[in-house]
Amino acid sequence: MTESDTAAPPRLRAQVVDRMTMLLTRMLKPEAPVTERTQLMDELGLSSSLALELLLELEDELEIQIDVEDLDEDRMTTVGDLADYITEHSTPR
């Protein structure tokens with residue numbers, strides 16, 4: 001494994017968090033800033049259709065393919081939780 005291989009996941013995770021906070025802010029216009037600890041359903045009221053839209057936009061912007069087969073509501077508690085899932089379950093396009 002090269003140094004760039006070990007650096008990729010943290011960099012990807014940071015990109016995912018950055019894009020997610022930007023997209024969620026644009027899509028939902030929350031009153032408080034969106035952070036890694038923001039709860040997607042409870043605080044933002046993220047619906048399943050908006051979650052799908054978010055994932056599709058993330059795939060386009062980051063040029064990745066997200067494997068959503070094992071994704072369920074339990075893995076989407078906070079922005080950070082979802083970022084972890086995406087980082088672990090995505091591949092470059």
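Note that the structure is predicted; figures quoted are calculated from it, not measured.
- Taking 4.5 Å as the limit, every side-chain heavy atom of Met76 sits out of range of all side-chain heavy atoms of Asp81.
- Between Glu36 and Thr78 there is no side-chain heavy-atom pair separated by less than 4.5 Å.
- Here Thr77 contributes atom OG1 and Tyr85 contributes atom OH; the two are 13.5 Å apart, rounded to the nearest 0.5 Å.
- Looking at every heavy atom in both residues, Gly80 comes nearest to Arg13 through O-NH2, 3.3 Å.
- Cluster partners of Leu52, by chain and number: Leu56. The rule joins Ile, Leu, Val, Met, Phe, Trp and Tyr whenever side-chain heavy atoms lie under 4.5 Å apart.
- Both Met22 and Leu12 belong to a single network of hydrophobic side chains, linked directly or stepwise wherever heavy atoms of I, L, V, M, F, W or Y lie under 4.5 Å apart.
- Side-chain contact between Leu71 and Ile66 is absent, with no heavy-atom pair separated by less than 4.5 Å.
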Show me the side-chain donor-acceptor pairs of residues 42-50 shorter than 3.5 Å, one per line, residues at least two apart or across chains.
| unit_1 | atom_1 | unit_2 | atom_2 | d |
| --- | --- | --- | --- | --- |
| Glu43 | OE2 | Gln39 | N | 3.1 |
| Ser47 | OG | Ser49 | OG | 3.2 |
| Ser47 | OG | Leu50 | N | 3.2 |

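- In the hydrophobic clustering of this structure, Val16 groups with Leu54; members are Ile, Leu, Val, Met, Phe, Trp, Tyr whose side-chain heavy atoms approach within less than 4.5 Å, directly or through other members.
- Nearest heavy atoms, Glu59 versus Arg93: O-NH2, 2.5 Å.
- One distance of note links CG of Asp84 with NE2 of His89; it measures 11.0 Å at 0.5 Å rounding.
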Considering only distance and modelled atom types, tabulate donor-acceptor pairs under 3.5 Å from the side chains of residues 24-34, sequence neighbours left out.
| unit_1 | atom_1 | unit_2 | atom_2 | d |
| --- | --- | --- | --- | --- |
| Thr25 | OG1 | Thr21 | O | 2.7 |
| Arg26 | NH2 | Glu57 | OE1 | 2.7 |
| Arg26 | NH2 | Glu57 | OE2 | 3.4 |
| Lys29 | NZ | Arg26 | O | 3.1 |

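- Atom-to-atom distance recorded for Thr38:OG1 and Leu82:CG is 12.0 Å, nearest 0.5 angstrom.
- For the pair Ile86/Leu62, no side-chain contact is recorded, criterion being any heavy-atom separation below 4.5 Å from C-beta on.
- One finds the CZ atom of Arg11 at 12.0 Å from the OG1 atom of Thr87 (value rounded to the nearest 0.5 Å).
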